[in-house]
Amino acid sequence: MENIEAKNNPYYSRTDTTKLDISNEEWKKILAPDLYMISREAATERPFTGKYNEFDEVGEYYCAVCGNHLFRSTSKFTSSCGWPSFFEADKEGVYYKRDFAYGMDRIEVLCKRCDSHLGHVFEDGPKPTGLRYCMNSISLEFVSDLPK
């Protein structure tokens, strides 16, 4: 699935892993409003509405904001939570911080390159990790392993 956002985003790259330090004002000029709200303001898409919730193609998942590698499709599983779920993330692609928003104590998952909000991770996933990375589809870009 082609990322239309990337065409207007000078910071987007699937090969450059240099840490970005871009202001939210700049991101707001570049990103579509829905992607901005989720990635930069930690909003959440409604459950069962994301394009990758019921999606099982083989390939790689990247940050829709900056192109950083996040997940391999072999770590995706059906969790029935309403968002795409993975049991393992690229250790070089994400980092974590505690999130106390809405009176809950959760672990937020962010892109290591651009600091964009991706979703949350929970300890109720399948083996081998026991983790469930519950991600917003809009924060992800999928690239198929199959030739075009």
Q) So do H69 and R14 actually touch side chain to side chain, heavy atoms under 4.5 Å? A) no
Q.
Whether the D115 and Y95 side chains hold a donor-acceptor pair (N or O, under 3.5 Å, no angle test) is what I'd like checked.
A. yes
**Q.** Modelled atom types, side-chain donor and acceptor of H117 and E108, under 3.5 Å
**A.** yes
Q) Under 6.0 Å between ring centres, would you say that holds for F71 and Y133? A) yes
Q: Flag yes if more than 12 heavy atoms outside D56 fall under 6.0 Å of its CG atom; otherwise flag no.
A: no
(Q) Donor-acceptor check, side chain of D16 to backbone of T18, threshold 3.5 angstrom: yes or no? (A) yes
Q) Counting only N and O atoms by type, is there a donor-acceptor contact under 3.5 Å from the side chain of N68 to the main-chain atoms of T17? A) no
Q: State, to 0.1 Å, how close V94 and A89 come at their nearest heavy-atom pair, and which atoms those are.
A: CG2-CB, 3.7 Å
Q. Out of curiosity, C134 SG to H120 NE2, how far, rounded to the nearest 0.5 Å?
A. 9.0 Å
**Q.** Nearest heavy atoms of I30 and N8, plus distance in Å
**A.** CG2-O, 3.6 Å
Q) Any donor-acceptor pair under 3.5 Å linking the side chain of R72 with the backbone of G59? A) yes
Q) So how far is it from D145 CG to E60 CD, rounded to the nearest 0.5 Å? A) 6.0 Å
Q | Derivation and outcome, side chain to side chain contact (heavy atoms under 4.5 Å, CB included), residues T44 and W83 | A | CA-CA 10 Å; T44 302; W83 292 274; 3.8 Å; yes
Q: Might you confirm whether atom NZ of K19 has over 12 heavy atoms from other residues, nucleotides or ligands at distances under 6.0 Å?
A: yes
Q.
Centroid separation under 6.0 Å, is that true for the rings of W27 and Y11?
A. yes
Q.
If you compare all heavy atoms of C63 against all heavy atoms of L70, which two are closest, and at what distance to 0.1 Å?
A. N-CD1, 3.4 Å
Q: Let me see the working for Y62 and L140 under side chain to side chain contact (heavy atoms under 4.5 Å, CB included), right down to the final yes or no.
A: CA-CA 6 Å; Y62 296 87; L140 304 174; over 6 Å; no
Q. Got a sec: does the CZ of F100 have more than 12 other heavy atoms crowding it under 6.0 Å?
A. yes
**Q.** For S85 against C81, the heavy-atom pair lying closest together
**A.** OG-SG, 3.5 Å
Q: Taking K112 for its side chain and K91 for its backbone only, find out whether a donor-acceptor pair lies under 3.5 Å.
A: yes
Q) E88 and S75: which non-hydrogen atoms are nearest, and at how many Å? A) O-OG, 3.0 Å
Q. Are S144 and V58 side-chain neighbours, meaning at least one heavy-atom pair lies under 4.5 Å?
A. no
(Q) I need the minimum non-hydrogen distance between G82 and N53, along with the two atoms involved. (A) C-OD1, 3.2 Å
Q: Report yes or no: does K76 contribute a side-chain atom to a donor-acceptor pair with the main-chain N or O of F87 at less than 3.5 Å?
A: no
Q.
Quick one, F77 with R132, criterion side chain to side chain contact (heavy atoms under 4.5 Å, CB included). Give me CA distance, side-chain angles, the key distance, then yes/no.
A. CA-CA 9 Å; F77 69 99; R132 175 173 54 95; 3.8 Å; yes
Q: Indicate if L131 and L110 have the same hydrophobic cluster label, given that clusters are the connected sets of ILVMFWY residues with side-chain heavy-atom separations under 4.5 angstrom.
A: no
Q: Hey, could you give me the OH/CG distance between Y96 and L118, rounded to the nearest 0.5 Å?
A: 10.0 Å
Q.
Under a 3.5 Å distance rule, please check whether S39 uses its side chain to pair with a backbone N or O of S139 as donor and acceptor.
A. no
Q. Do side-chain atoms of S80 reach the backbone of T78 as a donor and acceptor pair under 3.5 angstrom?
A. no
Q. Counting only N and O atoms by type, is there a donor-acceptor contact under 3.5 Å from the side chain of D99 to the main-chain atoms of R106?
A. no
(Q) So for atom CD, which belongs to E123, do other residues, nucleotides or ligands contribute more than 12 heavy atoms lying within a distance under 6.0 Å? (A) no
(Q) To the closest 0.5 Å, what do you measure between CG (L31) and CG (N24)? (A) 9.0 Å
Q: Mark yes or no for whether Y52, through its side chain, and F142, through its backbone, hold a donor-acceptor pair below 3.5 Å.
A: yes
Q.
Does S73 form a side chain to side chain contact (heavy atoms under 4.5 Å, CB included) with Y61? I'd like the steps, not just the answer.
A. CA-CA 7 Å; S73 64; Y61 289 86; 4.1 Å; yes
**Q.** CD-OG distance between E54 and S137, expressed to the nearest 0.5 angstrom
**A.** 10.5 Å
Q.
Other residues, nucleotides and ligands only: do more than 12 of their heavy atoms fall within 6.0 Å of CG on D21?
A. no
Q: May I ask you to test the Y36-V65 pair for a side-chain heavy-atom distance under 4.5 Å?
A: no
**Q.** E45 side chain vs I138 backbone, donor-acceptor pair below 3.5 Å
**A.** yes
Q. Does a side-chain heavy-atom distance below 4.5 Å link V109 with M135?
A. yes
